[in-house]
Amino acid sequence: MFRIEQQKKTAFRKMTRGFWLGFLVWSTIGAVVMFLGLSVPDLVDAQKQPALVILLDHFDRHADAVWMALAAATLVALLVPCWGFSVTLRSLLCIAVVTGILETIGVLSGFPFGDYAYTDRYGLRLFGVLPLAIPLAWFVVVAGGGAVVFLLMPDLSRWKRACSVALLAVLTDLNLEPIAWKLRGYWIWYPDATDPPVHPPLSNYMAWFVIAFAMALWLPRFESARRPSSRIVWLFLILNGVLLAGHLGMLVRS
C-alpha cells in the first residue's frame with residue numbers, strides 16, 4: 001500500500017512538472033508572438049501556400065485558449081497539495097460555472113460588463129457564444145490570486161483578502177483588455193457602434209471587482225500548515241508578463 005501511494009505521488013509530481021513546463025514553453029512562444037505582433041500573413045504567403053495558411057490560422061485561433069488551459073491545469077496541480085483533489089476540483093467547477101453563466105448573460109444582454117461580443121479567436125465557443133477558455137481564465141485569476149495574496153500577506157482577514165484578490169483581478173484585466181481586444185481580437189467592445197470609444201466601459205472593471213470579490217470570499221481557506229506553492233506567484237507573474245510583452249510590442253511599433 002505504501003509503495004502504491006509513493007507511486008501515485010511520484011506520478012502526480014511528474015504530471016505537475018509537465019504542466020509547468022508546458023505552460024513555460026507556451027508562455028515563451030506567446031510572449032514572442034505578442035511582442036512582435038505576428039499574424040499568419042506575416043509568416044506565410046497565402047497565394048503560394050493556401051493550405052498552410054488555413055492550418056496556421058486554425059492553430060492561431062486556438063493557441064491562446066490552449067495557453068489558458070495550461071495555466072488552469074498547472075494551477076489545479078499546484079493547489080491539490082494545499083486543498084486536496086476534491087476541494088480543488090469543486091472550486092474549479094464552481095468558479096467556472098458561475099462566471100460562465102455571468103459571462104454568457106453579459107454577452108447576450110450587455111449586463112454587467114457592458115456591450116461586447118466574443119469572436120472565434122479564443123478557441124472553442126460554447127453554443128457559439130462563450131469561449132471555453134473564459135471560465136478557465138476566471139479560475140486562474142480568482143483562485144490563483146487568492147493563493148498569491150495569501151503567500152504575500154498571510155495575516156489578512158477574509159474580507160481584506162477578498163478585496164485584495166478583487167484588486168489583483170482588476171489590475172490583471174487592465175493589463176489584458178488592450179491585448180485581448182486590439183491585438184489578439186478575443187472580443188469586440190461596442191460591436192454595433194459606428195464610432196466606438198477607445199476604452200472598455202467602466203462597468204466592465206466594476207463587474208470584475210464585484211465578481212472576483214464574491215468568488216474570493218467563497219474560496220476554501222489557505223492554511224499555513226499547507227501553504228500553496230510559491231510557483232503560483234510565478235504563474236501569475238508570467239501570465240501578466242506575456243501580456244506586458246504585447247503592450248511593449250505595440251508601443252515599439254507605434
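Position 1 is the first residue of the sequence, and the numbers go up from there.
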- Residues forming a ring-ring contact (aromatic ring centres under 6.0 Å, His included) with His62, sequence neighbours excluded: His58

With sequence neighbours excluded, residues passing side chain to side chain donor-acceptor pair (under 3.5 Å) with [X]:
{"X": "Trp181", "value": "none"}
{"X": "Asn240", "value": "Asn175"}
{"X": "Tyr205", "value": "none"}
{"X": "Ser39", "value": "Asp42"}

Not counting sequence neighbours, list each pair that qualifies as a salt bridge (charged side-chain N to carboxylate O under 4.0 Å, His left out) and has a residue in [range].
{"range": "residues 136-164", "value": "none"}
{"range": "residues 82-97", "value": "none"}
{"range": "residues 117-137", "value": "Asp57-Arg121, Asp60-Arg121, Arg61-Asp120"}

- Query: Aromatic ring centroids of Trp208 and Trp138 under 6.0 Å?
  - Reply: yes

Set of side chain to side chain contact (heavy atoms under 4.5 Å, CB included) partners for [X], sequence neighbours left out:
{"X": "Leu56", "result": "Val40, Val44, Leu52"}
{"X": "Phe59", "result": "Trp26, Ala63"}
{"X": "Pro228", "result": "Cys82, Ala147, Phe150, Leu151, Phe222, Ile232"}
{"X": "Val33", "result": "Ile29, Leu38, Arg184"}

- Query: Is the count of non-hydrogen atoms from other residues, nucleotides or ligands lying under 6.0 Å from Phe12 atom CZ greater than 12?
  - Reply: yes

- Please check if atom CE in Met15 has more than 12 non-hydrogen atoms from other residues, nucleotides or ligands closer than 6.0 Å. yes

